[in-house]
Amino acid sequence: MEMLRREYNGIPLNKESVDPNPILQFSNWFKIAVKEIEHDPNAMILGSANRDRQPSTRTVLLKGFDEAGFIFYTNYESRKAKDLAENNKVSLTFYWPDLMRQIHIQGSVEKISEEMSDQYFKSRPAGSKLGAWASKQSSVIESRSDLEESLRSFEKKYSHSEIPRPPSWGGYIVNPHRFEFWQGRLNRLHDRIVYRKEGEDWVIERLSP
Ligand SMILES: Cc1cc2nc3c(=O)[nH]c(=O)nc-3n(C[C@H](O)[C@H](O)[C@H](O)COP(=O)(O)O)c2cc1C
């Protein structure tokens, strides 16, 4: 494991230099990640905890963000959807190793409107649309061939018509109340700048690494 050790020497991050608005600060970093990161710069780890306080994490893709929050799409009957129905408090973590940067977001999640989900579903390639019909996400299946057979049956069903959005598929938006921007620095003295919401305002603080 020692060979995995590396020194971090990222660009300094200060309370004074960050944008007072964490969404704009996120946007600044995200733009750089999109430019610099070869694969999946929009991949984020979604953390949930169910009614029994059992945490779970999995990767999802960020598909939009603005002042209202961070949007991802998934199956509304999946394991994560059950967690979110039981407890709407979630976390999102982006890790961009090449930039020595991590962003951790905490907030509450809710479903987006059906219209918004329809709009996004329409923009997906046919294969992804059919995949959403074919997969009952997180359910136990006998074999891979069952899944492929299911895909073929939906291919046939929708071969001459537009593929509608499955009712069990759609988006969620995470409304943030805390952000932490982490920048790797020398000698493990990393920069950590936190924004926490107080009323309508964002309070900015530095944390010890
Ligand atoms: C890079 C990457 C991106 C992913 N993006 C999504 C996504 O946007 N939506 C989704 O439902 N699952 C996505 N997945 C799969 C999830 O990580 C997970 O396996 C799936 O959603 C089932 O999770 P659950 O059983 O906790 O509900 C992605 C996986 C990876 C590795």
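Numbering of ligands and ligand atoms starts at 1, following listing order.
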Worksheet item: Do Tyr73 and Phe121 make the cut of ring centroids closer than 6.0 angstrom?
Response: no
Item to complete: Could you tell me if the ring centre of Phe26 sits under 6.0 Å from that of Phe94?
Response: yes
Discussion item. Distance check, rounded to the nearest 0.5 Å: Leu46 atom CG versus Leu62 atom CG?
Written reply: 11.5 Å
Worksheet item: Centre of Tyr76's six-membered ring, under 6.0 Å away, within 45 degrees of the axis: is that where NZ or CZ of Lys111 sits?
Response: yes
What are the polar N/O contacts of ligand 1 with the protein below 3.5 Å, with distances?
from     : atom 1 : to     : atom 2 : distance (Å)
ligand 1 : 8 (O)  : Leu61  : N      : 3.0
ligand 1 : 9 (N)  : Tyr73  : O      : 2.9
ligand 1 : 11 (O) : Thr74  : OG1    : 2.6
ligand 1 : 11 (O) : Gln137 : NE2    : 3.2
ligand 1 : 14 (N) : Thr59  : O      : 3.1
ligand 1 : 17 (O) : Thr59  : N      : 3.3
ligand 1 : 17 (O) : Thr59  : O      : 2.6
ligand 1 : 21 (O) : Lys80  : NZ     : 2.6
ligand 1 : 21 (O) : Gln137 : NE2    : 3.1
ligand 1 : 23 (O) : Lys80  : NZ     : 3.4
ligand 1 : 25 (O) : Ser138 : OG     : 2.7
ligand 1 : 26 (O) : Arg58  : NE     : 2.9
ligand 1 : 26 (O) : Arg58  : NH2    : 3.1
ligand 1 : 27 (O) : Ser78  : OG     : 3.4
ligand 1 : 27 (O) : Arg79  : N      : 3.3
ligand 1 : 27 (O) : Lys80  : N      : 2.8
ligand 1 : 27 (O) : Lys80  : NZ     : 2.9
ligand 1 : 27 (O) : Ser138 : OG     : 3.3

Fill in: Centroid-centroid distance, Trp182 to His104, less than 6.0 Å
no
Discussion item. List the residues meeting side-chain hydrogen bond (donor to acceptor under 3.5 Å, both in side chains) with Asn14, not counting sequence neighbours, and say none if there are none.
Written reply: Arg206
